[in-house]
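If you read the sequence from its start, that first residue is 1, and numbering goes on from there. Everything quoted here is computed from the prediction, not taken from an experiment.
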Amino acid sequence: MRPMFMIVLRAMLVLGFVGAPSHGMTGEPPKASRVSAPEFGPNVLVLDPSMSGVQQQVDAVFARQEKNQFGNERYAILFKPGKYNLDARLGFYTQVLGLGHAPDDVEIVGGVRSLAGWRKGDATCNFWRSAENISVSPAAEHRPNVWAVSQGTALRRVHIKGDLALSDGGWSSGGFLADCRIDGQVDSGSQQQWLSRNVEWKSWIGGNWNMVFLGTTNPPAGSWPEKPYTVVKKTPLIREKPYLRIAEDGRYVVTVPDLITDGSEGATWRSGEGPSGKSGTQIPIEQFFLARADKDNAATINAALESGKHLLLTPGIYHLAEPIRVVRPHTVVLGLGYATLVPDKGTPAMNVADIDGVQVAGVICDAGEAESPTLIQVGNPGCAGMHGADPIFLYDIVCRAGGAAPGAARSFVTIESNNVVADNLWLWRADHGAGAKWDVNKNRNGLIVNGNDVTMYGLFVEHCQEYQTLWNGEGGRVYFYQSEMPYDPPSESGWSHDGVAGYASYKVAAGVRTHEAWGLGVYCVFRAAPVVAESAIEAPVASGVRLHHMVSIRLNGLPGSGIKHVVNSTGAAVTTTQDKKAQVE
C-alpha cells in the first residue's frame with residue numbers, strides 16, 4: 001500500500017470509520033447503522049444520512065478495490081433512505097444498493113461512477129461492479145455521470161437525474177442497463193456492444209457494433225445495418241431482480257417483484273411505487289439464512305435450504321465440498337457484494353431442482369482445480385416439468401474458469417428445465433490472470449440449453465474451447481449475444497471437429513425447429529496460431545429458426561486468422577485485416 005493511503009487508513013481506524021485492513025470493513029459501525037441491521041458480516045457497510053464520514057468509508061473501499069481485479073475482497077455498500085452528498089466511485093467486486101422501496105428513496109447528490117483511470121481510460125477490464133435501487137443527481141464536476149464498464153456489471157433500478165456516459169475516454173466492451181430512468185442523454189461513447197432493457201431516457205447517441213434496445217422508450221433513430229441498432233418494442237416476459245430494502249416499520253425485507261407476462265416497456269417503477277405500481281411480495285429477512293463465508297459451508301447452507309429458508313450470501317468466497325442444492329419451490333438465493341462460490345471437489349457449485357419460481361441472483365461461480373461437469377445446473381437430464389406460469393430466473397450471474405485461480409469446468413451453465421429466464425449472464429473462460437492457458441483452464445462450453453422455452457436477456461459468453469453456446473431445446477429466445485472466440489487455439493488441426501474448421505460460437509442444434517435471437521455479435525482474436533473458424537454462428541435452416549442482426553468482427557490476431565462466414569455459409573469472411581466486420585441482417 002502507498003504510504004499516504006496507510007496514513008489516511010490509520011486515521012480512519014482511529015475515528016472508527018473502517019476496520020483493520022486485513023479484514024475489510026470490520027470496525028464497530030456508528031450506532032445509527034446498527035439499529036435494525038441484521039448481521040451481514042464484516043464487508044457490508046450500512047450507511048445512514050446522519051452519519052459522519054460516509055465519504056471516507058466509500059473512498060476506503062474504492063482505494064482497496066480500484067485495481068483489485070483478482071483479489072479476494074468483496075463489498076456491499078447499503079444506503080438507508082435519505083439524501084447523501086457523495087462521490088461514490090466503484091472498483092472491483094463492489095455493489096452499491098439503496099434500501100428504499102423505490103430508487104428515489106435514496107438520493108445521491110454527486111456521482112455513482114465507474115472510472116477507468118487505473119488503465120488510462122481503457123474500461124475493457126472494468127468488471128464485477130453494480131449499482132441498484134438508487135437515484136443520482138450528478139454534481140457539476142461529475143456531469144455526465146460516467147459508468148465505464150464491460151462485462152459482469154449492472155445498473156438496475158437506477159434513476160439518473162441528468163446525463164449518463166458509458167465510457168471514460170478509452171475502449172469499453174459492453175454492459176447491461178435494466179429497469180432504469182435517465183432524465184437526460186445516454187452517450188455510449190466507445191462501447192462496442194450494449195443491452196438496454198426496460199429503460200427510459202431523453203435520448204441515446206452513439207453505437208459501434210451491436211446495440212440492443214429491448215422494451216426501451218425513445219430508442220435511437222436508425223436501423224441495422226447502417227446503424228448497429230436492434231430494437232424490440234416490448235420485453236415479453238420478466239420478473240425484475242429481487243432486492244433488499246427497509247420496510248416502513250424498520251425491518252429488513254427482500255422484495256420479489258411481480259411477474260409481467262404480457263410484455264413491458266420502460267421502467268417498472270415510479271417514485272413511491274413498487275414494480276408495475278404494485279408492492280410485490282415481501283419476504284422478511286428472518287426467513288433468510290444469512291450465510292457467512294468465514295463461518296458457513298455447503299453443509300450448513302443446504303441444511304438451511306432444506307428447512308425452508310431462503311438464502312442470502314453475504315460478501316466473501318465460499319469454498320464448497322458439495323453443491324449448494326436449491327430444492328424447494330420459490331426459493332430466493334440472493335448474493336451481496338459479488339459473493340463467490342468455488343467447488344473444490346469437482347462438483348457443480350449449485351444445483352437448482354426442476355421446481356417453480358426459484359430465483360438466483362448476484363453470484364460469481366469460480367471453477368476449482370478439480371474439473372466440474374458444470375458450475376450451475378438447473379434441472380436434471382430428462383426433466384419434464386413446465387414452469388410457464390412461474391418461471392425459474394437467473395440474474396447477474398458470472399461463471400469463470402481461470403483469472404482468479406486455475407480452474408476447469410466442462411460447462412459453465414447447463415439448463416435442463418423448461419421455462420427458465422436468465423437476465424445478464426457472463427460466462428468467461430479467462431484470457432488473462434492465473435491459469436489462463438489452453439491446457440489449464442479447460443472449458444468446452446459456456447452455456448448448454450436442453451430445456452424448452454428458455455429466454456436469455458443479455459448473454460455474454462467468451463473464450464470457451466468448443467461451442468460457446470449450444471442450444472438443443474425448442475422455443476429458445478435470446479435478446480443480445482456477445483462472444484469472443486478463444487484467443488489461444490494451438491493449431492487449426494487441434495481446434496476442429498468432423499471436418500469443420502474451428503467451432504461456431506453460437507450453435508443451434510440441427511434438430512431444433514423453433515428458435516429466435518436478436519443482436520448477435522461474435523468476435524475473434526487468434527494469437528497462438530493462424531486458425532480460421534468456418535462460421536461464427538450455426539443454425540438449422542427452418543422456418544421457425546429466425547436470427548436477426550448478426551455481426552462477426554476480426555479484432556486482430558495472427559496474419560491469416562479469422563472467421564470465414566457469419567452464419568452457416570452466409571456472410572463475408574473476416575480474415576487478415578484488423579477490425580474487419582461482416583454483417584448479416
Side-chain angles (χ1 to χ4, degrees), residues 25 29-30 32-38 40 44-59 61-62 75-90 94-114 129-139 142 145-147 153-162 164 177-184 199-200 240-255 257 267-275 279-280 282 285 312 315 334 336-337 361-362 396:
M25 300 294 133
S33 71
R34 294 190 282 113
V35 172
S36 57
F40 289 127
V44 175
L45 282 71
V46 181
L47 303 177
D48 186 282
S50 65
M51 290 180 181
S52 61
V54 168
Q55 184 69 64
Q56 291 93 326
Q57 292 194 61
V58 174
D59 286 349
V61 173
F62 178 70
Y75 294 98
I77 304 175
L78 312 183
F79 290 94
K80 290 185 176 182
K83 185 175 182 179
Y84 301 78
N85 292 300
L86 177 68
D87 177 23
R89 294 169 294 169
L90 275 66
T94 303
Q95 177 190 33
V96 164
L97 179 65
L99 293 173
H101 190 43
D104 287 344
D105 293 343
V106 173
E107 182 180 10
I108 295 178
V109 178
V112 175
R113 303 185 294 152
S114 174
R129 62 201 69 193
S130 63
E132 304 176 47
N133 202 32
I134 57 173
S135 69
V136 182
S137 298
H142 303 319
N145 193 87
V146 175
W147 185 255
T153 63
L155 276 182
R156 287 184 181 269
R157 287 177 57 83
V158 170
H159 184 188
I160 304 292
K161 299 177 179 180
L164 178 67
L177 181 67
D179 201 23
C180 292
R181 293 176 61 193
I182 317 298
D183 290 351
V199 184
E200 303 171 13
E240 294 296 343
K241 180 183 175 182
Y243 59 97
L244 181 69
R245 73 178 187 93
I246 297 175
E248 289 70 18
D249 61 3
R251 296 180 304 117
Y252 281 71
V253 299
V254 171
T255 294
T268 63
W269 54 270
R270 291 293 183 273
S271 296
E273 299 180 354
S279 60
Q282 314 305 318
I285 198 67
L312 191 147
L334 183 59
L336 290 183
D396 297 343

Check side-chain contact (heavy atoms from CB on, under 4.5 Å) between Thr153 and all other residues, then give those that pass, not counting sequence neighbours. Arg129, Val149
Does [X] reach the side chain of [Y], with side-chain heavy atoms less than 4.5 Å apart?
| X | Y | answer |
| --- | --- | --- |
| Leu164 | Val136 | no |
| Lys83 | Pro49 | no |
| Pro103 | Asn133 | yes |
| Tyr243 | Pro257 | yes |
| Leu177 | Trp147 | no |
| Leu90 | Val112 | yes |
| Arg113 | His142 | yes |
| Thr94 | Phe62 | no |

Tell me the closest heavy-atom pair linking [X] and [Y], and the distance in Å.
| X | Y | value |
| --- | --- | --- |
| Trp269 | Val158 | CZ2-O, 4.0 Å |
| Val254 | Pro242 | CG1-CB, 4.0 Å |
| Cys180 | Ala178 | SG-O, 3.1 Å |
| Val253 | Ala247 | CG1-CB, 4.1 Å |
| Gly100 | Pro81 | CA-CG, 4.0 Å |

Does a side-chain N-to-carboxylate-O contact under 4.0 Å join Asp59 and Arg89? yes
Does this structure show an ion pair linking Glu200 with Arg181, if we count only N-O contacts that are shorter than 4.0 Å? yes
My understanding is that only residues two or more places apart in sequence, or in another chain, count here; which of them pass ring pair (Phe, Tyr, Trp, His ring centres under 6.0 Å) with Tyr84? Phe79
Once you round to the nearest 0.5 Å, how far does [atom1] of [X] lie from [atom2] of [Y]?
| X | Y | atom1 | atom2 | result |
| --- | --- | --- | --- | --- |
| Asp104 | Arg270 | CG | CZ | 10.5 Å |
| Lys80 | Leu99 | NZ | CG | 8.5 Å |
| Tyr252 | Leu244 | OH | CG | 7.0 Å |
| Ile108 | Ser135 | CD1 | OG | 7.5 Å |
| Ile77 | Leu97 | CD1 | CG | 10.5 Å |

Who are the side chain to side chain donor-acceptor pair (under 3.5 Å) partners of Asp396, not counting sequence neighbours? Arg156, Lys241, Asn424
Using the side chain to side chain donor-acceptor pair (under 3.5 Å) criterion, which residues pair with Asn85? Sequence neighbours excluded. none
Between the side chain of Asn145 and the main-chain N/O of Gly111, is any donor-acceptor distance below 3.5 Å? no
Is the backbone of Gln282 close enough, under 3.5 Å, to the side chain of Thr255 for a donor and an acceptor to pair up by distance? no
Step-by-step side-chain contact (heavy atoms from CB on, under 4.5 Å) determination, Ile285 to Leu312: CA-CA 9 Å; Ile285 198 67; Leu312 191 147; 4.0 Å; yes
Quick one: salt bridge (charged side-chain N to carboxylate O under 4.0 Å, His left out) partners of Glu107, sequence neighbours excluded? Lys161
